[in-house]
Amino acid sequence: ILRQLGKGGMGPCYEVAHVLRPRETVVLKTLPVMMASEPELRERFFRNIIKAMQCRHVNLGRIIEADVDDNVYYVVQELVPGQPLGGVLDHMPMLEEIQAREVVIQTALGLQKLEEMETFHGGVKPNNILLTHTGLVKLVDLGLTTFSGWGEPLTQPSGVWGTPYYCSPEFGRPDAKQDVRSDIYSL
């Protein structure tokens, strides 16, 4: 473990180096104990991760693997060089029009790929949109995605998972069907 990158709804995430390839760094996210202790949530999570690993697009952060070691469940993701849109907006409340347009277009292209895979992200927010130094935009944190026909979305015990400021109105209603339109609202 090189450093902790942050802590989100899923738990802490770290920048880690591969033991055999120390120059190759990735993001390691561990799952909350609540999820690891619930067999149904674990199963749903791994089903979703397997499908998320198949989502390949230049504007989507890549899921490399997911596994369990000594009863710690984790996900390994591509480390995207750059910074979260949320961090950029902390220092400048508005983007220039051309940059804002690029962020929206590239994020929408990633969402289009998810729609083609019959899924949606469910957690589109500034901290899950990474801006690289080359101008590439990547939507990350695909581990919470929900795939059509694969069951219920991953939720906390309260039934709601997400950042309220960016959730679509139907997100908090257990009877509502969510899809890519929820992501478009969040974007």
[X] side, atom [atom1]; [Y] side, atom [atom2] - distance, nearest 0.5 Å:
X: Gln77; Y: Met53; atom1: CD; atom2: CE; value: 11.0 Å
X: Leu79; Y: Ile64; atom1: CG; atom2: CD1; value: 9.0 Å
X: Thr119; Y: Leu142; atom1: OG1; atom2: CG; value: 8.5 Å
X: Tyr74; Y: Thr30; atom1: OH; atom2: OG1; value: 11.5 Å
X: Asn48; Y: Glu43; atom1: CG; atom2: CD; value: 10.5 Å
X: Gln112; Y: Ile184; atom1: CD; atom2: CD1; value: 10.0 Å

Can you name the closest pair of heavy atoms from [X] and [Y] and give their distance?
X: Ala17; Y: Pro22; value: CB-O, 3.4 Å
X: Ile1; Y: Tyr14; value: CG2-CD2, 3.8 Å
X: Asp183; Y: Gly122; value: OD1-N, 2.8 Å
X: Ala66; Y: Ile49; value: CB-CG2, 3.5 Å
X: Arg56; Y: Arg62; value: NH1-CD, 2.6 Å
X: Asp67; Y: Phe46; value: N-CE2, 3.9 Å

Side-chain heavy-atom pair [X], [Y] within 4.5 angstrom cut-off:
X: Leu114; Y: Val180; result: no
X: Thr107; Y: Asn59; result: no
X: Asn128; Y: Lys125; result: yes
X: Leu109; Y: Leu60; result: no
X: Tyr73; Y: Val68; result: yes
X: Leu95; Y: Leu85; result: yes

Connected via hydrophobic side-chain network under 4.5 Å: [X] and [Y]:
X: Val124; Y: Val88; value: yes
X: Leu89; Y: Val104; value: yes
X: Val103; Y: Leu187; value: yes
X: Leu131; Y: Leu111; value: yes
X: Ile63; Y: Leu28; value: no

Donor-acceptor contact below 3.5 Å, side chain [X] vs main chain [Y]:
X: Glu102; Y: Val137; answer: no
X: Asp141; Y: Gly123; answer: no
X: His121; Y: Val140; answer: yes

Is it true that, when you exclude [X] itself, more than 12 heavy atoms of the residues, nucleotides or ligands shown sit nearer than 6.0 Å to its [atom1]?
X: Met92; atom1: CE; answer: yes
X: Glu96; atom1: CD; answer: no
X: Gln4; atom1: CD; answer: yes

>> Tell me which pairs pass salt bridge (Lys or Arg N to Asp or Glu O under 4.0 Å) where either residue lies in residues 74-83, with sequence neighbours left out.
In response: Glu78-Lys138

>> Listing request: all salt bridge (Lys or Arg N to Asp or Glu O under 4.0 Å) pairs with a residue in residues 16-27, at least two apart in sequence or in separate chains.
In response: Arg21-Glu24

>> Before you tell me yes or no, could you show the steps for Gln106 and Leu136 under side-chain contact (heavy atoms from CB on, under 4.5 Å), namely the whole-Å CA-CA distance, both residues' side-chain angles and the distance that decides it to 0.1 Å?
In response: CA-CA 8 Å; Gln106 290 188 46; Leu136 183 64; 3.5 Å; yes

